[in-house]
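Each chain gets a letter, A, B and so on, in the order its sequence line appears, and its residues count up from 1.
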There are 2 protein chains.
Amino acid sequence: MRNNTIGSLIWLRLMRFTNQSNQMSNDFLKRFDLTTAQFDVLMQISVYQPLTQMELAEKVTVTQGGISRMLVRLENEGYIVRKQDWKTKTIRLTAKAEAILEQAMPEQLAFQTSFFDDVLNHEEQTTLYTLMTRVHKHSQKKELPPE
Amino acid sequence: MRNNTIGSLIWLRLMRFTNQSNQMSNDFLKRFDLTTAQFDVLMQISVYQPLTQMELAEKVTVTQGGISRMLVRLENEGYIVRKQDWKTKTIRLTAKAEAILEQAMPEQLAFQTSFFDDVLNHEEQTTLYTLMTRVHKHSQKKELPPE
DNA sequence: CACAATCATTTGATTAGTCAAGTTATAAAA
DNA sequence: TTTTATAACTTGACTAATCAAATGATTGTG
């Protein structure tokens, strides 16, 4: 036992870091009455609106069921409206959401950025970004190994 | 709007990648009737057993409530036993869990490793690991910015 | 027109987690 | 010895997600 590869160490680091920074982000966004997941969804809508639930689900890598439930919550809070439009539902932000995002977006951006700016110089950040981009893109076309 | 920093791009990449690879790992571990979270917890127990719930919660960065619920599920499945021992509960793996882990561990390790081995050479992996280690360690002593 | 096909969304059952209030077990003080 | 403190754990109410089966909406075809 206890036979770690470098890859498995990276994997664990990534999991622990994203888990932790996600919690911190939730804490941070409390001042806007938002969770990280909600902020993420609202951001995507703000960039791509109007769009359908399927399109949105793909952008935030969540299943259709997941996006359906999330949108019910966001609708109840008055952040979005959905209109049955042909056979799909079209999603748009409300004025309330636009106003909150305008405030929250720059702050959340600065918050995210601080995780890296504080410890890595620009070159190191570029390296990290390109390495992770390669890893991510590769994983997207990866197949499950046979049993 | 749309004013991305490099840091925010890295953040998003990390979130999407861990989210996706976590789902793939869940898929992969189905052959052992385990989820990624369960595998993670069982691994930590196997390394540090016997240990208390508090200690375990800290190792997997989950709250005490979270670990309590997870251990109830693992106990119902017969993977662990808890003994009230002084004022704490001491956790140990059952023979069933030990047997499954012995099989699953090398396969899961290889699975995790393949995300990186396929696209990064050894030097790049070392770089990625050191960069992420710095970022992670920094985040652990980070404080929430004032309101 | 009615009926099947198909795409988009919802929903029930479950896992996984959070926070904060409530229990339980042990130790110490009155 | 009854109370009080405290550390460890559980629990209720909730967010967030998954899968797979059910429901809606629209378009063809017989």
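- Out of D/dA8, D/dT15, C/dA16, the shortest distance to the side chain of B/Met54 is found at D/dA8.
- D/dA17 atom P lies 19 Å from atom CE of B/Met24, rounded to whole Å.
- Taking atom CD on B/Gln53 and atom C1' on C/dT24, their separation rounds to 13 Å, with Å as the unit.
- Nucleotides of DNA chain C nearest to B/Gln38 and A/Thr90 differ in position, and the one nearer the 5' end is that of A/Thr90.
- With sequence neighbours excluded, no residue forms a ring pair (Phe, Tyr, Trp, His ring centres under 6.0 Å) with B/Tyr79.
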Distance-only donor-acceptor pairs under 3.5 Å for side chains of residues 60-73 of chain A, two or more places apart:
from	atom 1	to	atom 2	distance (Å)
A/Thr61	OG1	B/Asn19	ND2	3.2
A/Thr63	OG1	A/Gly66	N	3.2

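- Under the salt bridge (charged side-chain N to carboxylate O under 4.0 Å, His left out) criterion, the residue pairs touching residues 112-128 of chain B are A/Arg134-B/Glu124, A/Lys142-B/Asp118, with sequence neighbours excluded.
- We find that CD of A/Glu55 is positioned 13 Å from C1' of C/dC7, with the value rounded to whole Å.
- One axis for each end of the helix from C/dC1-D/dG30 to C/dA30-D/dT1, each built from five base pairs, and the angle between them comes to 40° at 10° resolution.
- Close to C/dA16, at under 4.0 Å from its OP1 or OP2, lies a side-chain N or O of B/Thr35.
- The backbone N or O of A/Leu109 lies less than 3.5 Å from a partner atom in the side chain of A/Thr113, making a donor-acceptor pair.
- Here the P atom of nucleotide D/dG24 and the NZ atom of A/Lys83 are 22 Å apart, to the nearest Å.
- In this structure A/Gln108 satisfies the side chain to side chain donor-acceptor pair (under 3.5 Å) test together with A/Ser25, sequence neighbours excluded.
- Taking the ring pair (Phe, Tyr, Trp, His ring centres under 6.0 Å) definition, one finds that B/Phe39 meets it with nothing, sequence neighbours left out.
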Anything under 3.5 Å between a protein N or O and an N or O of nucleotides 17-19 of chain C, put it in a table, one pair a line.
from	atom 1	to	atom 2	distance (Å)
C/dT18	OP1	B/Thr63	N	3.3
C/dT18	OP2	B/Thr63	N	2.8
C/dT18	OP2	B/Thr63	OG1	2.4
C/dT18	O4	B/Arg69	NH1	3.0

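- OP1 or OP2 of C/dT10 lies within a sub-4.0 Å distance of a side-chain N or O belonging to A/Arg82.
- Between the CD atom of B/Glu77 and the C1' atom of C/dT14 there is a distance of 12 Å, given to the nearest Å.
- Sorted by first and then second residue, the salt bridge (charged side-chain N to carboxylate O under 4.0 Å, His left out) pairs involving residues 35-59 of chain A (not counting sequence neighbours) are A/Asp40-B/Arg16.
- In this structure, A/Leu71 atom CG and D/dA16 atom P are separated by 11 Å, rounded to whole Å.
- For A/Glu75, the salt bridge (charged side-chain N to carboxylate O under 4.0 Å, His left out) partners two or more places apart in sequence, or in a different chain, are A/Arg82.
- Grouping the Ile, Leu, Val, Met, Phe, Trp and Tyr side chains by contacts below 4.5 angstrom, directly or via other members, places A/Met132 with A/Tyr129.
- Rounded to a whole Å, the CG atom of B/Leu74 is 8 Å from the P atom of C/dA16.
- Taking atom CG on A/Leu56 and atom P on D/dA17, their separation rounds to 11 Å, with Å as the unit.
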